[in-house]
Amino acid sequence: MIDSECGELKQSITPEATVKLSMVVPVFNESETVSLFIDSVSSVFNNESSIELEIIFINDGSTDDTLPRLLELQSVDSRIKIVDLSRNFGKEAALTAGLKICTGHIVVPIDVDLQDPPQLIPEMIEKWREGYEVVLGRRTDRDSDSWAKRSSANWFYRVHNKMASSKIPENVGDFRLMDRCVVEALKELPESRRFMKGLFAWVGFKTTYIDYARPQRSAGTSKFNGWKLWNFALEGITSFSTDPLKIWTYLGLIFSSISFLLAIFIALKVIVYGIDVPGYASIMVAVTFLGGLQLIGIGILGEYLGRTYIESKRRPVFLVRQVYASKS
Ligand code: UDP
Ligand code: MG
């Protein structure tokens, strides 16, 4: 079904036809960056007559004056649509909301802080016209990120891609161009815990890259600290692989084989040399080591059980307080 939708859309858009582009922009306490973002987008698209632009801001429960700023911008710019969520649901949920509401032939999720440069979008559109359904923005240098963030990201990609069947391309964030058929496919995925990078990779489609150097944030501060990133990584791995659950079967087999051999060895030793009492240290080491291992195993079971529990409630991914469509 989805394949044919893809084909139909491609055929209906001739090179001269106007293409509708939706930008999906999650914002959380970004009052300093929203107008810089609009300026930058305008400088790229104001002379592009072949593109009809829709800019969807998802206000993810901002507590500063992001919403009034957005409404002010909307009053003079009819391309802007604002979806105000009822609280902070996180970037993944905000993106999900934007993808649900957008109407473009092509859709670009983009950060508001200009770390995903809007200047790249025309080049992405060229690639789309060549026939690609997904055009990823790949970061060639991540100097704008701290050493800790870069190296933990590297480790995350390595571990995730070893375990998960759908690989996440390295150094690629949410910034990408997607054909309508890709967005429709994403909308069909029913899970409520949404690790978007993983979902994007899972749906597949004909993909290419364009490279760019990731600039610094235009203003304001990053919303992701170390603890949030750690939980994000756990989310990524547990959403797309059950390998951590299976490890315990193999570890259990290894340890029971070792203890079986040890039992034979000790029995033979008792038969040959008689009973020997010392051995406290080795017993303590074995008991505490295995105790620790079992706790880790239970912890990992708990991690999955918790996720199944939350998923089983079928709560909505986000709640909308109000949608502000432009009046003109
Ligand atoms: N963001 C959001 N909800 C959140 C956290 C972040 O909508 O709970 C948005 C934020 O406003 C920005 C984008 O997600 O547009 C990326 O956030 P940020 O720049 O802080 O992340 P970083 O670039 O540091 O990874
Ligand atoms: Mg950023």
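Atoms within each ligand, like the ligands themselves, are counted from 1 in listed order. Residue numbers start at 1 and run along the sequence shown. Computed over heavy atoms, backbone and side chain alike; hydrogens, waters and symmetry mates excluded. All figures in this text were calculated on a predicted structure; none of them were measured in a lab.
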Legend entry - Residue, atom name and distance, where the atom is the protein heavy atom closest to atom 24 (O) of ligand 1: S222 OG, 2.5 Å
Legend entry - Lys/Arg-Asp/Glu bridge criterion (N-O < 4.0 Å) met for D116, R214: yes
Inset, instruction - Output the list of atoms in ligand 1 that are nearer than 4.0 Å to some heavy atom of D113, sorted by atom number. - result: 19 (O), 23 (O)
Legend entry - Heavy-atom nearest neighbour of atom 13 (C) of ligand 1 within options D174, D111, T33: D111
Legend entry - Ligand-residue contact atoms, ligand 1 with R217, heavy atoms, under 4.0 Å: 18 (P), 19 (O), 20 (O)
Legend entry - Shortest-distance N, O or S atom of D113 relative to the Mg ion (ligand 2): OD2
Legend entry - Pairing of D60 and R87 as salt bridge, 4.0 angstrom limit: no
Inset, instruction - Mark yes or no for whether E52, through its side chain, and V19, through its backbone, hold a donor-acceptor pair below 3.5 Å. - result: no
Inset, instruction - Could you check which of V34, V27, V25, N88 puts a non-hydrogen atom nearest to atom 8 (O) of ligand 1? - result: N88
Inset, instruction - Examine all N, O or S atoms of Q115, backbone included, and report whether one is under 2.8 Å from the Mg ion (ligand 2). - result: yes
Inset, instruction - May I ask you to check whether T221 has an N/O atom sitting below 3.5 Å from an N/O atom of ligand 1? - result: no
Legend entry - For V112, the ligand 1 atoms whose distance to one of its heavy atoms is below 4.0 Å: 15 (O)
Legend entry - Per-atom contacts of ligand 1 with E30, taking only distances under 4.0 Å to non-hydrogen atoms: 10 (C), 11 (O), 12 (C), 15 (O)
Inset, instruction - Output the list of atoms in ligand 1 that are nearer than 4.0 Å to some heavy atom of R214, sorted by atom number. - result: 23 (O)
Legend entry - Protein contact to atom 21 (O) of ligand 1 [nearest heavy atom, distance to 0.1 Å]: F224 CD1, 3.3 Å
Legend entry - Donor-acceptor side-chain pairing of N59 and T66 below 3.5 angstrom: no
Legend entry - Pair E170 + K167: basic N to acidic O under 4.0 Å: no
Inset, instruction - Inspect the surroundings of NZ in K100 and state if more than 12 heavy atoms from other residues, nucleotides or ligands are less than 6.0 Å away. - result: no
Inset, instruction - Return the residue, atom name and 0.1 Å-rounded distance of the protein heavy atom closest to atom 9 (C) of ligand 1. - result: P26 O, 3.6 Å
Legend entry - Six-ring centre of F156, R158 cation under 6.0 angstrom, axis tolerance 45°: no
Legend entry - Electrostatic pair E72-R69, nearest N-O below 4.0 angstrom: no
Inset, instruction - Using heavy-atom distances, let me know which of F175, F89, F28 sits nearest atom 1 (N) of ligand 1. - result: F28
